[in-house]
2 protein chains.
Amino acid sequence: MDSTGQQICGDFDFDVFSRLCPSRGTLEDVTGRWGSLTIGALREGGTLRFNELRRRVDGVSEKMLSQTLHALERDGLVSRQAQPTNPPRVDYELTPLGQEIGERLLALIELVEGRMPEVLTARSRYDEKHGDPGARA
Amino acid sequence: MDSTGQQICGDFDFDVFSRLCPSRGTLEDVTGRWGSLTIGALREGGTLRFNELRRRVDGVSEKMLSQTLHALERDGLVSRQAQPTNPPRVDYELTPLGQEIGERLLALIELVEGRMPEVLTARSRYDEKHGDPGARA
DNA sequence: CTGCATCCAATATGATACTG
DNA sequence: CAGTATCATATTGGATGCAG
């Protein structure tokens with residue numbers, strides 16, 4: 001990390017702050033609304049089938065789950081194994097890389113959860129000061 | 001973590017997989033496209049002014065940066081100090097809580113970056129196998 | 001059951017103009 | 001400089017219907 005404070009993109013010659021940084025897309029797959037929850041679910045659930053995942057990730061639609069799973073599979077974080085049975089059965093699970101990433105993701109999630117009381121307090125203060133009670137769900 | 005594998009929301013009686021879990025919103029502020037980059041920039045840059053941040057976070061619009069900053073300030077992760085000078089000067093920096101969260105966020109980001117070669121390889125294989133070269137930027 | 005295609009609604013984002 | 005307001009657009013998300 002040099003004094004410009006911008007090179008944190010490892011071997012690449014541009015950083016995550018740049019729209020051209022390739023890690024930015026992956027990061028979004030991982031941290032996005034459904035990506036993070038899907039990884040979280042797989043970390044806790046081990047190997048899960050499509051509809052098991054769907055039930056675990058509250059509110060996700062078929063379409064979004066499918067899309068999320070494809071993105072994560074493409075990035076090499078999730079493996080998909082379809083069995084040629086009838087009815088069809090498809091199992092999803094984290095790859096070793098997916099587990100490593102999931103580990104750090106969970107560390108982040110758990111920290112945030114543990115600090116929610118502080119966050120909630122901060123929000124109250126903010127909303128009160130700004131006279132905007134219903135702001136931002 | 002009980003056998004249901006669902007309660008990871010600490011003191012609350014519902015989990016992050018639920019749309020009602022309060023941490024979910026904060027998590028999205030933190031991991032969202034602009035939230036994560038803004039926190040990253042502040043972690044590296046220390047105290048920054050609005051337009052300094054704007055320059056560091058490539059591609060962010062005035063509107064999005066403003067919105068992101070408000071959300072993070074509301075959650076108590078960023079502090080905003082306006083100086084009554086002319087021209088106006090407003091400094092943003094991470095609060096202690098923001099720094100803790102930023103630390104774990106960066107740990108995640110750096111892991112992903114370090115593994116990008118693997119991700120890129122996985123993507124090539126996937127795209128080749130699915131005959132869809134231009135899929136997903 | 002797994003999942004893709006399609007159509008429509010909701011939201012997020014961006015460009016621009018304007019104010020203190 | 002530091003934002004806010006507004007409008008146009010892009011992207012996301014959801015419901016439904018259909019296929020293997």
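Heavy-atom basis, side chains included; hydrogens, waters and symmetry copies ignored. Chain identifiers are assigned alphabetically (A, B, ...) following the order of the sequence lines, protein sequences preceding nucleic acid strands; residue numbering begins at 1 within each chain.
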Whole angstrom value for the distance that separates C1' of C/dT19 from CG of B/N86: 13 Å

Heavy-atom donor-acceptor pair, A/T38 side chain to A/W34 backbone, under 3.5 Å: yes

Spacing between A/F50 atom CZ and C/dG3 atom C1', to the nearest angstrom: 6 Å

Main-chain N/O of A/L77 paired to A/T95 side chain as donor or acceptor, under 3.5 Å: yes

Distance below 4.0 Å between B/S61 side-chain N/O and C/dA15 OP1 or OP2: no

Euclidean distance, atom CD of residue A/Q67 to atom P of D/dG13 [Å, nearest integer]: 7 Å

Residues A/D127, A/K129: salt bridge by 4.0 Å N-O rule: no

Atom-pair distance (CZ on B/R19; C1' on D/dG14), nearest Å: 10 Å

Below 4.0 Å: OP1/OP2 of D/dG13 and any side-chain N or O of A/W34: yes

B/E100 and A/R115 ion-paired at < 4.0 Å: yes

Residue whose closest nucleotide on DNA chain C lies nearer the 5' end, A/L69 versus B/V60: A/L69

Interatomic distance where CD belongs to B/E62 and C1' belongs to C/dG14 [whole Å]: 11 Å

Side chain A/D29, main chain A/G32, donor-acceptor under 3.5 Å: no

side-chain N/O B/H70 vs D/dT4 OP1/OP2, d < 4.0 Å: yes

Test item: A/R24 side-chain N/O and A/F17 main-chain N/O as donor-acceptor pair under 3.5 Å: yes

Side-chain N,O (A/N51) to OP1/OP2 (C/dT2) below 4.0 Å: yes

N or O in side chain of B/R49 less than 4.0 angstrom from D/dC1 OP1/OP2: no

Position toward the 5' end of DNA chain D (nearest nucleotide), A/M64 or A/P88: A/M64

Rounded distance (Å) that lies between atom P of C/dT11 and atom CD of B/E28: 13 Å

Salt-bridge present (A/E128, A/R125; N to O < 4.0 Å): no

D/dG3 phosphate, OP1 or OP2, under 4.0 Å from B/Y92 side-chain N/O: yes

Side chain A/R80, main chain A/E73, donor-acceptor under 3.5 Å: no

Sugar-phosphate, base or nothing in reach of A/G59, heavy atoms under 4.0 Å: sugar-phosphate

Degree of bending, the helix from C/dC1-D/dG20 to C/dG20-D/dC1 (end axes from five pairs; round to 10°): 40°

Any A/R80 side-chain N or O less than 4.0 Å from OP1/OP2 of C/dG3: yes

Nearest listed nucleotide, side chain of B/K63, among D/dC7, C/dT2, D/dA15: D/dC7

Whole angstrom value for the distance that separates C1' of D/dG13 from CZ of A/R54: 12 Å

Nucleotide C/dT11, atom C1' - distance to CZ of A/R33 in whole Å: 9 Å

